[in-house]
2 protein chains.
Amino acid sequence: MNISTKTEYAVRALTELALNSADKPVSINDICKNQKLPVKYVEQLFRKLKQNGLVKSIHGAKGGYQLALEMYDISLKDIMEAVDENYVASFCNGNTKEHIYCLGLPCGFSKLWNEIKDHLEKYFDSIKLDQIVAKL
Amino acid sequence: MNISTKTEYAVRALTELALNSADKPVSINDICKNQKLPVKYVEQLFRKLKQNGLVKSIHGAKGGYQLALEMYDISLKDIMEAVDENYVASFCNGNTKEHIYCLGLPCGFSKLWNEIKDHLEKYFDSIKLDQIVAKL
DNA sequence: GGATAACATATTAAATTAGTATGAATTGGC
DNA sequence: GCCAATTCATACTAATTTAATATGTTATCC
């Protein structure tokens, strides 16, 4: 039950964009210099962020990334989902999507796990990038 | 950001106690037979649950475990904490307890991580064993 | 005294996560 | 046109964590 470093790195990187990419794109290199993050790892994260429509990119020299959405339209949940797939999915020992059976038996806990999952998703979705930046 | 199997197993095992250990102790063997869980693994979990005062034990033949507290005094947080130490602690890349520095730099995110941590702890503490049993 | 069951610890195995390596494709500036 | 900077893509390795097993000892009931 932890925030993964993937999520942490993504949040930190997106915060850099939020602060510096309004007019010009910012390169991963610059981001990683500022935040002391591993470049190649963060590259991977950014590809996922792009696939999920959170950032847009400009190729080639002087290229880089910019936010694709307004800060208040990017939630912590969006980030986690993009970067850390099934970030809150594998309850009930991950046996079925519907959580009706666990370990081959009808599972009485699906209700509980689903409620928790729901709560967490809503909570993380309520935290937006502009709020995160405001807390810095 | 998932419920560990440790927590899942512990919840399932404690539910068994909640339902069956009111008068007599219940053995780990019986619990694991019912819930199809690995005995030796669950043994370890129960030792931690005992250390944390959630269950009490009776040695020897006909022995086993019983809840040490009322069901409404055992929260999901208590269980997670007992069985899954630092279940929600390693934010901020786990570098310092206070989350004031990250990777050697003053960390602007400590506020965020701590708020999240706080929220999660309160949430999990609000879910009590009697409610879990009621949802079955 | 034998069966049952908690208690304790060490070890192995599996899975996940983090990070590196290598290289191709794209673009700006000289 | 070429070179540097940069995104894009994938494969691989290393580290860490988590799950589970193995091997016992100790206590208690019958």
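Computed from a predicted structure; not experimentally measured. First the proteins, then the strands, lettered A, B, ... as listed; each starts at 1. In what follows, every heavy atom counts, from backbone to side chain, and hydrogens, waters and symmetry copies are set aside.
Among residues two or more places apart in sequence or in another chain, the salt bridge (Lys or Arg N to Asp or Glu O under 4.0 Å) test is passed with B:Asp118 by B:Lys122. With sequence neighbours excluded, the residues forming a side-chain contact (heavy atoms from CB on, under 4.5 Å) with B:Ser4 are B:Lys6, B:Thr7, B:Asp84, listed by chain and number. Contacts of B:Phe124 classified as ring-ring contact (aromatic ring centres under 6.0 Å, His included), with partners at least two apart in sequence or in another chain: none. A search for side-chain contact (heavy atoms from CB on, under 4.5 Å) contacts involving A:Ser27 returns A:Asn29, A:Asp30, not counting sequence neighbours. Taking the salt bridge (Lys or Arg N to Asp or Glu O under 4.0 Å) definition, one finds that B:Lys33 meets it with nothing, sequence neighbours left out. Scored by the salt bridge (Lys or Arg N to Asp or Glu O under 4.0 Å) test, B:Lys135 finds A:Glu115 as partners (sequence neighbours excluded). Annotation: salt bridge (Lys or Arg N to Asp or Glu O under 4.0 Å) contacts of A:Asp73 (sequence neighbours excluded): none.
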For residues 75-83 of chain B, dump all side-chain donor-acceptor pairs below 3.5 Å to protein atoms at least two apart in sequence or in another chain.
unit_1: B:Ser75; atom_1: OG; unit_2: B:Lys77; atom_2: N; d: 3.3
unit_1: B:Ser75; atom_1: OG; unit_2: B:Asp78; atom_2: N; d: 3.0
unit_1: B:Ser75; atom_1: OG; unit_2: B:Asp78; atom_2: OD1; d: 3.4
unit_1: B:Ser75; atom_1: OG; unit_2: B:Asp78; atom_2: OD2; d: 3.1
unit_1: B:Ser75; atom_1: OG; unit_2: B:Asp125; atom_2: OD1; d: 2.7
unit_1: B:Lys77; atom_1: NZ; unit_2: B:Glu81; atom_2: OE2; d: 3.3
unit_1: B:Asp78; atom_1: OD2; unit_2: B:Ser75; atom_2: N; d: 2.9

Please tabulate, for side-chain N and O atoms in residues 52-65 of chain A, each donor-acceptor pair with protein atoms closer than 3.5 Å (sequence neighbours left out).
unit_1: A:Asn52; atom_1: ND2; unit_2: A:Lys48; atom_2: O; d: 2.8
unit_1: A:Ser57; atom_1: OG; unit_2: A:Lys50; atom_2: NZ; d: 3.0

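What separates CG of B:Leu45 from P of C:dT9 is a distance of 16 Å, to the nearest Å. Atom C1' of nucleotide C:dT4 and atom NZ of B:Lys33 are separated by 11 Å, given to the nearest angstrom. Per the geometry, CD belonging to A:Gln51 stands 10 Å off P belonging to D:dC8, to the nearest Å. Rounding to whole angstrom units, CD of residue A:Gln66 and P of D:dT7 are separated by 12 Å. The CZ atom of A:Phe46 sits 17 Å away from the C1' atom of D:dA9 (whole-angstrom rounding). Counting to the nearest Å, the P atom of C:dT9 and the NZ atom of B:Lys48 are 12 Å from each other. In this structure, the CG atom of B:Leu37 is 12 Å from the P atom of D:dA19, given to the nearest Å.
Listed by residue number, there are no residues of residues 18-28 of chain A with a heavy-atom contact under 4.0 Å to DNA chain C.
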At under 4.0 Å between heavy atoms, how does the protein contact nucleotides 23-30 of chain D? Give one character per nucleotide, 5' to 3', with B, S or -. BB--BBS-
Per-nucleotide protein contact string for nucleotides 13-18 of chain C (B base, S sugar-phosphate only, - none; heavy atom under 4.0 Å): -----B
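A:Arg47 has a carboxylate O that lies under 4.0 Å from a charged side-chain N of A:Glu43, or vice versa, which qualifies the two as a salt bridge.
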Evaluate the side chain to side chain contact (heavy atoms under 4.5 Å, CB included) criterion for residues A:Met1 and B:Met1: first the C-alpha distance (whole Å), next the side-chain angles of each, then the deciding distance (0.1 Å), finally the verdict. CA-CA 4 Å; A:Met1 184 55 55; B:Met1 184 56 54; 3.0 Å; yes
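Comparing B:Gly64 and A:Val39 along DNA chain C, the residue whose closest nucleotide (by nearest heavy atom) sits nearer the 5' end is B:Gly64.
On a pure distance criterion of 3.5 Å, no polar donor-acceptor pair joins the side chain of A:Gln44 and the base of D:dT7. Between the base of C:dA6 and the side chain of B:Arg47 there is no donor-acceptor pair shorter than 3.5 Å.
As judged by a 4.0 angstrom heavy-atom cut-off over every strand, A:Tyr65 is placed among residues touching the sugar-phosphate backbone only.
Of the possible donor and acceptor atoms, none in the side chain of A:Glu8 sits under 3.5 Å from a partner among the backbone N and O of A:Ile3.
The phosphate of D:dC8 has OP1 or OP2 within less than 4.0 Å of a side-chain N or O from A:Lys50.
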